[in-house]
Amino acid sequence: MSISSQEICILPNKNNLALLQTNGMPGNLYNICSNLPATPTRLERLLRDRELRKYSKCLNDCEAELPSSTQDCFSPDLETSTCWFNDEELLEPVSASRSLNDDGERLDFRASKQRLLVVANRLPVSAVRHGEDSWQLEMSVGGLVTALLGVKEFDTRWIGWAGVNVPDEIGQKALAKALDEKRCIPVFLDEEVVHQYYNGYCNNILWPLFHYIGLPQEDRLATTRSFQSQFDAYKKANQLFADVVNEHYEEGDVVWCHDYHLMFLPKCLKERNSKMKVGWFLHTPFPSSEIHRMLPSRLELLRSVLAADLVGFHTYDYARHFVSACTRILGLEGTPEGVEDQGKLTRIAAFPVGIDSERFIKALELPEVQDHMKVLKQRFAGRKVMLGVDRLDMIKGIPQKILAFEKFLEENPNWRNKVVLLQIAVPSRTDVPEYQKLTSQVHEIVGRINGRFGSLTALPIHHLDRSLDFHELCALYAVTDVALVTSLRDGMNLVSYEYVACQESKKGVLILSEFAGAAQSLGAGAILVNPWNVTEVASSIGYALNMPADEREKRHHHNFKHVISHTAQEWAATFVSELNVTIVEAQLRTRQIPPPLPIEVAVDRYSCSNNRLLILGFNATLTEPVDTLGRKDSQINEWEPKLRPDLQEPLRKLCDDPKTTVLILSGSARNVLDDNFSDYNLWLAAENGMFLRVTTGDWMTTMPENLSMEWVDSVKNVFEYFTDRTPRSQFEVRETSLIWNYKYSDVEFGRLQARDLLQHLWTGPISNASLDVVQGRRSVEGAAIDRILGEIVHNKGMKEPIDYVLCIGHFLTKDEDIYTFFEPELPSEVPASVRPQVPTQVRTSTAGSRAALLLKQNSMSAVEQNKSYSIDGDTLHLMVTDRISFQEGSSVLDLQANDYFSCSVARKRSNSRYRLQSSDEVVTLLRELADHR
């Protein structure tokens, strides 16, 4: 039986456990002696990168404005500043500015701009065909285009769909040539793929769900078929995007994937090139896990996004929802840094997008904008101007906004001829019935209000079903007194940013929906409202119109400062900088991951040996993988583990080989091992080594004779109580331990219950008991290999030295001293079981193993000779062993370093020398060994 991260195990502490709190972070203790220079922290790297960006901007500004003879704006600090490059040579400091050559001439060491491949569904230009090989390109509109227009710090290429169907090769070549001049690369999609992928899966399924609208209500069977065909088209389209990226990718490029259209793209890219730097950013909200779990393709989409190195969202709320979905739906572990899956960390962070504020501020000085402002001021003289600029969409809350304005006019008759609402509603998806219905609804409400409160000379609402050009929009922003954003659900809403950027003169008031992402950035200076509460919005309109000048100025100052400092350029630079740092940290973590087991080498050394010892874990090693999400009968299967059928034949061959001793080492109960292995000629170690037997003999115990079990009943009562209170949890009573499993319970609730249970135990039943409390992570196996080995040697009467050891398992970090048991001898000051993962290439000579060391050290004191150590989190456990003497086995251990193979299964963070991905690879290995006896 294994212990998972959602289990608490109580077992007797037969070794008088002493708990010693360490001062450092958990990890490999031998690393503290390293003489390598200190590695910069994440924060140090990011701050340094930010500083260098500022210096670079200063340099560019100076060189653009000053004559060439005076182009030198370096400070002394800048001349000597260093940065940490994020390439293969991870930690080499490099000059970030300029230096002098041997002749005293100043050299420019500024690195060339990093190439950035921006991959989005649509290109920033629209293409119109004129003739067979001629195309006209026009700049598109949209939030992403607006955000990235001002990004100038990278050598940027934009990859995306041009928005037109180009079936002929001549047209494709001509369009690609025209787009190349705009630094754009087209992805060609046929009409059927576009219909199923873009109009279908993206706009009909993902977009509504991400905005809390829900899946379309269609005929059940027809919908099921539609979902699958649209998802197939979605994957096909993402693969087409990946093909284009791979075609134009150069080593060192950063690939930045955007939005819900390309959630499958990170996986496609990483499968082709695992070293590619891939980031993914979502421009819409990410819904709560309860909403996202409605998607039939929820698992594939989440895992595909997690293939990216960095996943970004506008707000912390969206990031938190994504981590929660991965935890609850995929069963993965969420950390403060992101989501971890078998040692691979995908960093999750919030990056609020901005605008090119300088573009809007400078536009207000243009003559055409001044002319528009003059006309608007004359047109609405004597009246306060309220403004709404939205896409005509169901999530923008336009009807709610207009109804709130109507209520304000009802309750404030004195304002009826003194205020006007200008509503710009940019048409969207005009061919969709729901949008046509929304348009009619808005027109009906506007007509009713104008008829009720208007006059022959003045109307309270001016509604336009069209977009405005940039200059008109800036002028309208500048003359507005109150901007009204009432989104029902919005990823960010950059209209609020644009309005603030144009209000430096007037200091207007922003009324902002709390459901817009911008509320988390501009909330301190804006008036936040719930757009569903019409009364609240109407009251806020009155408050904004009557706000004193000093309060307006304070609110505007706060928002204006944020808008000009959190620009689109800063957003993009911060994301790419974070991605580069994430890659560095991933490379450092990768160095700690054991390499894949070289099966051919392991088999070759096996065939050359004469006395072999195979130590095999049981759960997740010799069993079928269980469904981590608790579907079907996986919860039952985990509590009743069965040997894989495809392992029965190779295991029997190995057990029947007189040169091979097989030991099954498990935390499972004796009856579980008996049920699975009674027909094999091997050794069984049950309940973490508490019980041992050869299958031809009886069980023996390794427990001390005076071990007290009086604690069992009281702890059992506590476990029963929490099992009743925690749905889908259960506990198991064994002969020497009790286990409470909450793996299949609700993740958050299970953790809270586990914390509460531990408090009950420590303050009550086990406060004075000699017990270990083990909170596991997937499995726990016995660390009593020293005792077990001595018993095997004695029972078999071994005379020929053991010259080959293979140890495979899915063990807890706390119990991984079993891997280091046979490692080459370390200096005496390092605890024996906390030894490094020695690189394979240096293990070329016969070395004294830890086992041999234990067998030969007769001069040590009784207490010192029986110590063993294991690390669990940040606690050092000191266990005093007893009973077994090793003098009989000292002559049978003759293990060369190259004849020892320790291997973790499905764990990337491990003290083992090697790793196997799953129990499927265990099957392959054991079959190879069985065929080379």
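Values below: every heavy atom of this structure, side chains too, minus hydrogens, waters and symmetry copies. Just so it is clear, the model here is predicted, and its values are computed rather than measured.
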Checklist entry - Would D309 and K270 pass as an ion pair if we require N to O under 4.0 Å? => result yes

Checklist entry - Checking side-chain contact (heavy atoms from CB on, under 4.5 Å) against W683, which of I664, L692, I788 comes through? => result L692

Next on the checklist: With no hydrogens and no angle check, just 3.5 Å: does a side-chain donor-acceptor pair link Q753 and T726?
Outcome noted: yes

Checklist entry - Under 3.5 Å, is there a donor-acceptor pair between the T284 and W207 side chains? => result no

Item to check | Any side-chain donor near an acceptor of the partner, S904 and S912, under 3.5 Å | outcome: yes

Checklist entry - What are the two closest non-hydrogen atoms of C257 and V278, and how far apart are they? => result SG-CG1, 4.1 Å

Next on the checklist: I need the M263 CE to L206 CG distance, nearest 0.5 Å.
Outcome noted: 6.5 Å

Item to check | Derivation and outcome, side-chain contact (heavy atoms from CB on, under 4.5 Å), residues F351 and F281 | outcome: CA-CA 9 Å; F351 302 90; F281 190 90; 3.8 Å; yes

Checklist entry - Out of curiosity, L345 CG to E333 CD, how far, rounded to the nearest 0.5 Å? => result 10.0 Å

Item to check | Minimal non-hydrogen separation, G214 against M294, with atom names | outcome: CA-CE, 4.4 Å

Checklist entry - When you check the gap from the basic side-chain N to the acidic O, do E687 and R670 get nearer than 4.0 Å? => result no

Item to check | Y234 and Y201 aromatic ring geometry - parallel, tilted or perpendicular at 30°/60° bounds | outcome: tilted

Checklist entry - For L673 and S666, what are the C-alpha separation, side-chain angles and deciding distance, and is it a side-chain contact (heavy atoms from CB on, under 4.5 Å)? => result CA-CA 8 Å; L673 298 187; S666 174; 4.0 Å; yes

Next on the checklist: Just so I know, are the side chains of H321 and P287 near enough to count as touching, which here means a heavy-atom distance under 4.5 Å?
Outcome noted: no

Checklist entry - Between D341 and K344, does at least one N-O distance fall below 4.0 Å, as a salt bridge requires? => result no

Checklist entry - Between F313 and W280, is a side-chain contact (heavy atoms from CB on, under 4.5 Å) present by the stated rule, with each step listed? => result CA-CA 9 Å; F313 300 89; W280 182 81; 4.3 Å; yes

Checklist entry - Does the side chain of L684 reach to within under 4.5 Å of the side chain of W699, using non-hydrogen atoms? => result yes

Next on the checklist: Between the side chains of R693 and D674, is the shortest nitrogen-to-carboxylate-oxygen separation below 4.0 Å, so that they form an ion pair?
Outcome noted: yes

Checklist outcome for this item: Between R293 and E290 the two heavy atoms that sit nearest each other are NH1-OE2, 3.0 Å

Item to check | Which atom of I329 lies closest to which atom of S289, heavy atoms considered | outcome: CD1-O, 4.1 Å

Checklist entry - Hey, what do you get for CG (L647) to CG (N676), rounding to the nearest 0.5 Å? => result 11.0 Å

Checklist entry - Does a donor on one side chain and an acceptor on the other come within less than 3.5 Å for R915 and S910? => result no

Checklist entry - Which distance, rounded to the nearest 0.5 Å, do you find between the CG of L651 and the CG of D679? => result 11.0 Å

Checklist entry - Between P296 and L215, which heavy-atom pair has the shortest distance, and what is it? => result CD-CD1, 4.4 Å

Checklist entry - Hey, does L663 have a side-chain heavy atom less than 4.5 Å from the side chain of L614? => result no

Item to check | Main-chain N/O of Y680 paired with T695 side-chain donor or acceptor, under 3.5 Å | outcome: yes

Next on the checklist: Is it the case that over 12 heavy atoms from other parts of the model lie below 6.0 angstrom from the OH atom of Y316?
Outcome noted: no

Next on the checklist: Which residues pass the salt bridge (charged side-chain N to carboxylate O under 4.0 Å, His left out) test with D756, not counting sequence neighbours?
Outcome noted: R725

Checklist entry - Is any side-chain N of the basic residue among R328 and D746 closer than 4.0 Å to the acidic one's carboxylate O? => result yes

Checklist entry - Between K716 and S714, does any side-chain donor sit less than 3.5 Å from a side-chain acceptor? => result no

Next on the checklist: Quick check: do L332 and L306 have side-chain heavy atoms less than 4.5 Å from each other?
Outcome noted: yes

Next on the checklist: Please determine whether side-chain contact (heavy atoms from CB on, under 4.5 Å) holds for the pair F822 and S902, giving the CA-CA distance in whole Å, both sets of side-chain angles, and the decisive distance to 0.1 Å.
Outcome noted: CA-CA 9 Å; F822 296 98; S902 59; over 6 Å; no

Checklist entry - Is the F286 ring parallel, tilted or perpendicular to the F210 ring (thresholds 30°, 60°)? => result tilted

Next on the checklist: When you compare the side chain of Y742 with that of L757, does any pair of heavy atoms fall below 4.5 Å?
Outcome noted: no

Checklist entry - Quick one: does I615's side chain get under 4.5 Å of V662's, heavy atoms only? => result no

Item to check | Heavy-atom closest contact (S729 atom, W740 atom, distance) | outcome: OG-NE1, 3.5 Å

Checklist entry - Is E300 paired with K235 through a side-chain N to carboxylate O contact shorter than 4.0 Å? => result yes

Checklist entry - Should we count OH of Y212 as having more than 12 external heavy atoms under 6.0 Å? => result yes

Item to check | Non-hydrogen side-chain atoms of R644 and L622 separated by less than 4.5 Å | outcome: no

Checklist entry - Out of curiosity, F691 CZ to T701 OG1, how far, rounded to the nearest 0.5 Å? => result 5.0 Å

Checklist entry - Are the aromatic ring centres of H292 and F322 under 6.0 angstrom apart? => result no

Next on the checklist: With rounding to the nearest 0.5 angstrom, report the CG to CD1 distance, L806 to I808.
Outcome noted: 4.0 Å

Checklist entry - Hey, does R298 have a side-chain heavy atom less than 4.5 Å from the side chain of L330? => result no

Next on the checklist: With no hydrogens and no angle check, just 3.5 Å: does a side-chain donor-acceptor pair link D317 and Q520?
Outcome noted: yes

